[in-house]
Amino acid sequence: MNKGKIKNKMQDSIIFDSLDLLNQEEKNQYKSEINNSSEEDRNLISDYNNITSLFSKLITLNAKKIAPSESVKEKLFEKIKALENSKSNNSLQEKEKTDFNFVFSDSGEWSPYNMEGIKYKTLSNNADKGYMMLLFKVEPGVSYPAHHHNGSEECYVIEGDVLAEGKLLGPGDFHHAEAGSDHGQLHTKNGCTLLLVVDPADYS
């Protein structure tokens, strides 16, 4: 069952059920249709019932002989349409929220790296585009052994110092290693904080 079928085939059943205007056979058939519907459809029907329940207070014990007029039905489903539009807008807003991610300096967890004296924080992991952005914090005196790069690596020094390929880098300095390259040993004298953009294969 989908929303179109609910709108076209079940409007009367939804209204009559909420107003207790169905006979037993109609109730059984209606409940069977509800049980076979998806969770999304049941939620939609629940919304319909919440609205139509407002009309139940206007129905007396003899109301089983009364059916809502076309004007009542029209106004009712105008309200339902407005409710659906509101839900759609809320869903869009939720999607827009997921389009942005923030990691503040005091948020996100530092994880121990597989070498003593190094910890890191994952800022982003974009599997579709094949890169990760990491924040590395290295204690003074630590040396990182020579290694191979499967993918390219971008390194920006935020604070401290790092000796790479015979060059001493400090805050604000940048280093690029091409995919397929072999890095010699890296070393920091005073410790450092590095921003790295790397291939996930090199840090998995």
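Throughout, residue positions are numbered sequentially from 1 according to the sequence presented. For the numbers below, each heavy atom of this structure counts, side chains included, while hydrogens, waters and symmetry mates do not.
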(message) I'd like to know if the side chain of Asp199 and the backbone of Asn150 have a donor-acceptor N/O pair within less than 3.5 Å.
(response) no
To the nearest 0.5 Å, what is the distance between [atom1] on [X] and [atom2] on [Y]?
{"X": "Leu196", "Y": "Tyr203", "atom1": "CG", "atom2": "OH", "value": "5.0 Å"}
{"X": "Leu169", "Y": "Tyr156", "atom1": "CG", "atom2": "OH", "value": "11.5 Å"}
{"X": "Ser111", "Y": "Asn114", "atom1": "OG", "atom2": "CG", "value": "12.0 Å"}

(message) Going by side chain to side chain contact (heavy atoms under 4.5 Å, CB included), name the residues that satisfy it together with Lys167, two or more places apart in sequence or in a different chain.
(response) none
Pairs meeting criterion salt bridge (charged side-chain N to carboxylate O under 4.0 Å, His left out) with involvement of [range], two or more places apart:
{"range": "residues 103-124", "answer": "none"}
{"range": "residues 139-165", "answer": "Lys137-Glu159"}
{"range": "residues 172-198", "answer": "none"}

(request) Could you tell me which residues satisfy ring-ring contact (aromatic ring centres under 6.0 Å, His included) with His149, sequence neighbours excluded, listed by chain and number? (result) His147, His183
Do [X] and [Y] make a side-chain contact, defined as non-hydrogen atoms from C-beta onward lying under 4.5 Å apart?
{"X": "Pro112", "Y": "Tyr120", "value": "no"}
{"X": "Thr188", "Y": "Leu163", "value": "no"}
{"X": "Leu135", "Y": "Leu195", "value": "yes"}

(request) Only counting residues at least two apart or in another chain, list the ones meeting side-chain hydrogen bond (donor to acceptor under 3.5 Å, both in side chains) with Asn126. (result) none
(request) Taking side-chain hydrogen bond (donor to acceptor under 3.5 Å, both in side chains) as the test, write out the residues that go with Tyr113, two or more places apart. (result) Tyr144
(request) Of all the heavy-atom pairs spanning Ser152 and His176, show the shortest one and how long it is. (result) CB-CE1, 3.8 Å
(message) Looking at every heavy atom in both Pro200 and Gly130, which two are closest together, and how far apart are they?
(response) CD-O, 3.4 Å
